Amino acid sequence: FEYWYPCDIRVSGKDLVPNHLTYALYNHQAIWPDQPANWIRGIRANGHLLLNSEKMSKSTGNFMTLSEAIDKFSADGMRLALADAGDTVEDANFVTSTADAGILRLYTLIEWVK
């Protein structure tokens, strides 16, 4: 138990703010009313991930797993594209052309350094 507590940060999607995240705060305070050291110390909400400006959906075919994306763009290309996609409660937009451009920039930099 003590390995997992206190919870430094609870992270979840923006759609869960009114239920899971709010009730997590209430539950921790109800369980440990006199032990604030066991309460959640911080909450972070993030937006959803779009793929080329469209909602990801398996049924429409607009979907890519992390493994597929790494195989296609490399881990570094993914890092660049995801960093460019956004980091707020607004929906992040993963754009494949940005990932392709990131790979090209990395390749150009490596060749220039050689």
Side-chain angles (χ1 to χ4, degrees):
F1 174 80
E2 290 180 0
Y3 177 82
W4 299 104
Y5 275 86
C7 180
D8 291 327
I9 188 165
R10 171 74 163 89
V11 180
S12 196
K14 66 182 180 179
D15 55 325
L16 300 178
V17 169
N19 47 37
H20 291 119
L21 295 176
T22 304
Y23 281 98
L25 293 174
Y26 295 154
N27 290 335
H28 280 77
Q29 188 165 6
I31 294 168
W32 298 290
D34 300 322
Q35 298 174 349
N38 286 335
W39 298 354
I40 296 173
R41 294 182 178 174
I43 286 185
R44 169 96 162 91
N46 54 275
H48 301 121
L49 182 60
L50 304 175
L51 180 59
N52 295 321
S53 303
E54 295 180 19
K55 178 183 173 188
M56 282 205 291
S57 171
K58 285 183 180 179
S59 62
T60 63
N62 190 41
F63 185 81
M64 185 181 302
T65 67
L66 185 56
S67 294
E68 291 169 345
I70 290 172
D71 288 344
K72 185 172 182 178
F73 303 110
S74 81
D76 289 331
M78 285 295 298
R79 288 183 188 106
L80 286 170
L82 289 171
D84 181 72
D87 183 30
T88 65
V89 293
E90 298 298 321
D91 293 341
N93 185 24
F94 179 82
V95 180
T96 55
S97 61
T98 302
D100 285 333
I103 294 170
L104 182 59
R105 285 193 306 268
L106 285 171
Y107 177 79
T108 303
L109 176 64
I110 290 169
E111 290 301 309
W112 180 80
V113 170
K114 288 180 183 179

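Here the structure is a predicted model, which is why all the values come from computation and not from measurement.
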* Which atoms form the tightest heavy-atom contact between P33 and W39, and what is the distance? -> O-CZ2, 3.8 Å
* Taking N46 for the side chain and V11 for the main chain, is one N or O donor matched with an acceptor at less than 3.5 Å? -> no
* Could you pull out the closest heavy-atom pair between A37 and P6, with the gap in Å? => O-CB, 2.9 Å
* Asked: Under a single-linkage definition using a 4.5 Å side-chain heavy-atom cutoff for Ile, Leu, Val, Met, Phe, Trp and Tyr, are I103 and L51 assigned to the same hydrophobic cluster?
  -> yes
* Pair listing, ring-ring contact (aromatic ring centres under 6.0 Å, His included) test, anchored in residues 40-66, at least two apart -> none
* Output the distance between atom CG (L104) and atom OG (S97), rounded to the nearest 0.5 Å. => 12.0 Å
* **Non-neighbouring partners of D100 that pass salt bridge (charged side-chain N to carboxylate O under 4.0 Å, His left out), sequence neighbours left out** => none
* Got M78 and L66 here, is their nearest side-chain heavy-atom distance under 4.5 Å? -> yes
* Asked: Does Q35 reach the side chain of Y5, with side-chain heavy atoms less than 4.5 Å apart?
  -> no
* N52: side chain to side chain contact (heavy atoms under 4.5 Å, CB included) partners, not counting sequence neighbours -> V95, T96
* Atom CZ in F94, atom CD in E54: separation rounded to 0.5 Å? -> 14.5 Å
* Consider only side-chain heavy atoms of I, L, V, M, F, W and Y, link residues closer than 4.5 Å, and tell whether L49 and M64 are in one cluster. => yes
* To do: Return yes if some donor-acceptor pair links the side-chain N/O of D76 with the main-chain N/O of L106 below 3.5 Å, else return no.
  => no
* **W4 reachable from I9 in the ILVMFWY side-chain graph, under 4.5 Å edges** => no
* Can you label the angle between the Y26 ring and the Y23 ring as parallel, tilted or perpendicular, going by 30° and 60°? => perpendicular
* To do: Check whether any side-chain heavy atom of N38 lies under 4.5 Å from a side-chain heavy atom of I31, and answer yes or no.
  => no
* To do: Return the minimal non-hydrogen interatomic distance between P18 and K14, and the atom names on each side.
  => CD-O, 4.2 Å
* To the nearest 0.5 Å, what is the distance between NE2 (H20) and CG (D15)? -> 9.0 Å
* May I ask whether I40 and L21 are part of the same hydrophobic cluster, defined by side-chain heavy atoms of I, L, V, M, F, W, Y residues being less than 4.5 angstrom apart, directly or through others? => yes
* Asked: Cluster question for you: counting only ILVMFWY and a side-chain heavy-atom cut-off of under 4.5 Å, with indirect links fine, are M56 and L50 together?
  -> no
* Which heavy atom of S53 sits nearest a heavy atom of N93, and at what distance? -> N-OD1, 2.6 Å
